[in-house]
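Worksheet: the structure to be examined is printed underneath.
Both backbone and side-chain heavy atoms feed into the values below; hydrogens, waters and symmetry mates do not. Chain letters run A, B, ... following the sequence lines, proteins first and then strands; every chain starts at 1. Because the structure is a prediction, the values reported are computed rather than measured.
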Number of protein chains: 2
Amino acid sequence: MATATPATPDQDLTALLRAANLRVTSQRLIIHRVMRDLDRHVTAEEVAKRAARRLPGLSLPTVYSTLELLEGLGLLRRVPLATGAVLWDPRLTEHHHAACRECGRLIDLDVPVDTAPGLRAARARGFEPDGAEMVVLGRCAECSRSAKTA
Amino acid sequence: MATATPATPDQDLTALLRAANLRVTSQRLIIHRVMRDLDRHVTAEEVAKRAARRLPGLSLPTVYSTLELLEGLGLLRRVPLATGAVLWDPRLTEHHHAACRECGRLIDLDVPVDTAPGLRAARARGFEPDGAEMVVLGRCAECSRSAKTA
DNA sequence: CTTTTTGCAAATGATTTGCATTAAC
DNA sequence: GTTAATGCAAATCATTTGCAAAAAG
């Protein structure tokens, strides 16, 4: 029987881990909680710094593997930047990004985009798509401002 | 007066370099030529390997800086993968990609996507967009096949 | 008690940097 | 001749790996 009570993030994660026969550790709970609290894209390093505040001794390798684990559980999304850097995004609702070519800044775009043609084209090529993201490239407000000044 | 003769890639690059007060070197010409000949996204390493065949002694740092230079001139596009890797794409016409989460494979999608809403939203946030790309994420044909077998 | 997960330290691998030399102009 | 571009070797930096110790179940 399904529970009708809305689950907390911790309960969600616990349930997913159990279902996958994985162990519920404080590291996993804390890292997940940090991401949920931040509610914006961050680097692995920033996650490590914040999570270590709540769990001293937490190691970087654990942060990396946990982020990947949470991605696999569908609780996070990995966002590759044009600079080659990688960010982690706890927002699960489909949204898109604008990335600054100059400083790498990434902002959320909460605008609907018709991804259907892309998904269709991918399927036609044998792909099994599970999502599509648009990245708008250009110069952010700050960088265009300093470009004008310079 | 504008020339009516269609320019070769070499002439294009030469003109752009001159206009920017940059020097026309054999390294730049060869790397550009390699990209034009390949006409598909490749890693910097692959560019280096192929270009070195035509220009022995060509160094990796030169390849990296030249790829960035060509990007700045608008002759190439940098494509960050979900794996964090970076590819370089000589195709200048707007197109989109499908990226395999498992093996990293990237395929071109030649399908029109309405990027206008994204561009508009970015402008509303102070961005000066110069393009938008959609990335479809999922599993490529090969990887879904082996997943079924496994 | 058994197996997974963690932390540590070291390894990796792509990309970048500093600097002397070479090539463009 | 002057200045920019290259090659080389070394540095960097995020990420990954191997393995013994600790924690989960």
Side-chain angles (χ1 to χ4, degrees), chain A residues 10 13-32 34 41-73 76 78-88 101-102 104 106, chain B residues 10 13-32 34 41-49 51-73 76 78-88 101 104 106:
Chain A
D10 277 6
L13 176 54
T14 300
L16 282 167
L17 287 171
R18 290 252 158 79
N21 258 310
L22 296 169
R23 295 184 178 175
V24 179
T25 67
S26 47
Q27 288 85 346
R28 289 171 177 172
L29 290 171
I30 295 288
I31 289 171
H32 181 226
V34 163
H41 34 250
V42 281
T43 62
E45 296 248 16
E46 190 168 351
V47 177
K49 211 183 302 171
R50 287 172 177 270
R53 259 184 243 147
R54 307 201 203 171
L55 193 68
L58 176 66
S59 72
L60 261 171
T62 299
V63 172
Y64 281 104
S65 72
T66 302
L67 288 173
E68 255 178 47
L69 175 76
L70 295 177
E71 182 194 25
L73 293 176
L76 298 179
R78 182 196 302 244
V79 184
L81 256 63
T83 59
V86 172
L87 296 183
W88 296 89
R101 290 190 196 272
E102 242 169 277
L106 192 77
Chain B
D10 277 5
L13 175 54
T14 300
L16 282 167
L17 288 171
R18 290 252 156 79
N21 256 310
L22 295 169
R23 295 182 179 175
V24 179
T25 67
S26 47
Q27 287 85 346
R28 288 170 178 174
L29 290 171
I30 295 287
I31 290 170
H32 181 225
V34 162
H41 33 251
V42 279
T43 62
E45 296 248 16
E46 190 168 351
V47 177
K49 212 183 300 173
R53 259 184 243 148
R54 306 200 204 171
L55 193 68
L58 176 67
S59 72
L60 261 172
T62 299
V63 171
Y64 280 104
S65 73
T66 302
L67 289 172
E68 254 178 48
L69 175 75
L70 296 177
E71 181 194 25
L73 294 175
L76 297 180
R78 183 197 302 245
V79 184
L81 257 63
T83 58
V86 172
L87 296 182
W88 296 91
R101 289 191 196 272
L106 192 77

Any salt bridge between A:E46 and A:R50, counting N to O under 4.0 Å?
->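 Here A:E46 pairs with A:R50 in a salt bridge, since their nearest N and O are under 4.0 Å apart.
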How close do A:R28 and A:L13 get, heavy atom to heavy atom, and via which atoms?
->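 Between these two residues, the closest heavy atoms are O-CD2, 3.4 Å.
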With sequence neighbours left out, what residues match A:L16 under side-chain contact (heavy atoms from CB on, under 4.5 Å)?
-> A:L73, A:L75
Once each nucleotide of nucleotides 20-25 of chain C is scored for protein heavy atoms under 4.0 Å, what B/S/- sequence comes out, 5' to 3'?
-> ---BBS
Check each residue of residues 56-67 of chain B for a non-hydrogen atom within less than 4.0 Å of any atom in DNA chain C, then write out the ones that pass by number, or none.
-> B:P61, B:Y64
Value rounded to 0.5 Å, distance of NE2 in A:H32 from CG in A:L69 = 10.5 Å
Just wondering, do [Y] and [X] contact through their side chains at under 4.5 Å, heavy atoms?
{"X": "B:T43", "Y": "B:V86", "result": "no"}
{"X": "A:L29", "Y": "A:V24", "result": "yes"}
{"X": "A:T25", "Y": "A:L17", "result": "no"}

Stepwise side chain to side chain contact (heavy atoms under 4.5 Å, CB included) test for B:I31 and B:V47 | CA-CA 7 Å; B:I31 290 170; B:V47 177; 4.0 Å; yes
In degrees, rounded to 10°, what is the bend between the two ends of the helix from C:dC1-D:dG25 to C:dC25-D:dG1, using five pairs at each?
->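 Angle reported: 40°, given to the nearest ten degrees.
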Could you walk me through whether B:V42 and B:L87 pass side chain to side chain contact (heavy atoms under 4.5 Å, CB included), step by step?
-> CA-CA 5 Å; B:V42 279; B:L87 296 182; 5.9 Å; no
List the atom pairs, with distances to 0.1 Å, where a side-chain N or O of residues 51-68 of chain B and a protein N or O form a donor-acceptor pair under 3.5 Å, not counting sequence neighbours.
from, atom 1, to, atom 2, distance (Å)
B:R54, NH2, B:D37, OD2, 2.8
B:S59, OG, B:T62, N, 3.4
B:S59, OG, B:T62, OG1, 2.9
B:S65, OG, B:P61, O, 3.4
B:S65, OG, B:T62, O, 3.3
B:T66, OG1, B:T62, O, 2.7

Rounded interatomic separation in angstrom, taking CD from B:E46 and P from C:dG13 =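 Whole-Å distance recorded here is 18 Å.
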To the nearest Å, how far apart are B:W88 CH2 and C:dA14 C1'?
->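 Spelled out: CH2 on B:W88 to C1' on C:dA14 is 13 Å.
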Span of DNA chain D, from the first to the last nucleotide whose atoms fall under 4.0 Å of chain B heavy atoms =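 The footprint of chain B covers D:dT3 to D:dA9.
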Would you say A:H41's side chain and A:L106's backbone share a donor-acceptor pair under 3.5 angstrom?
-> yes
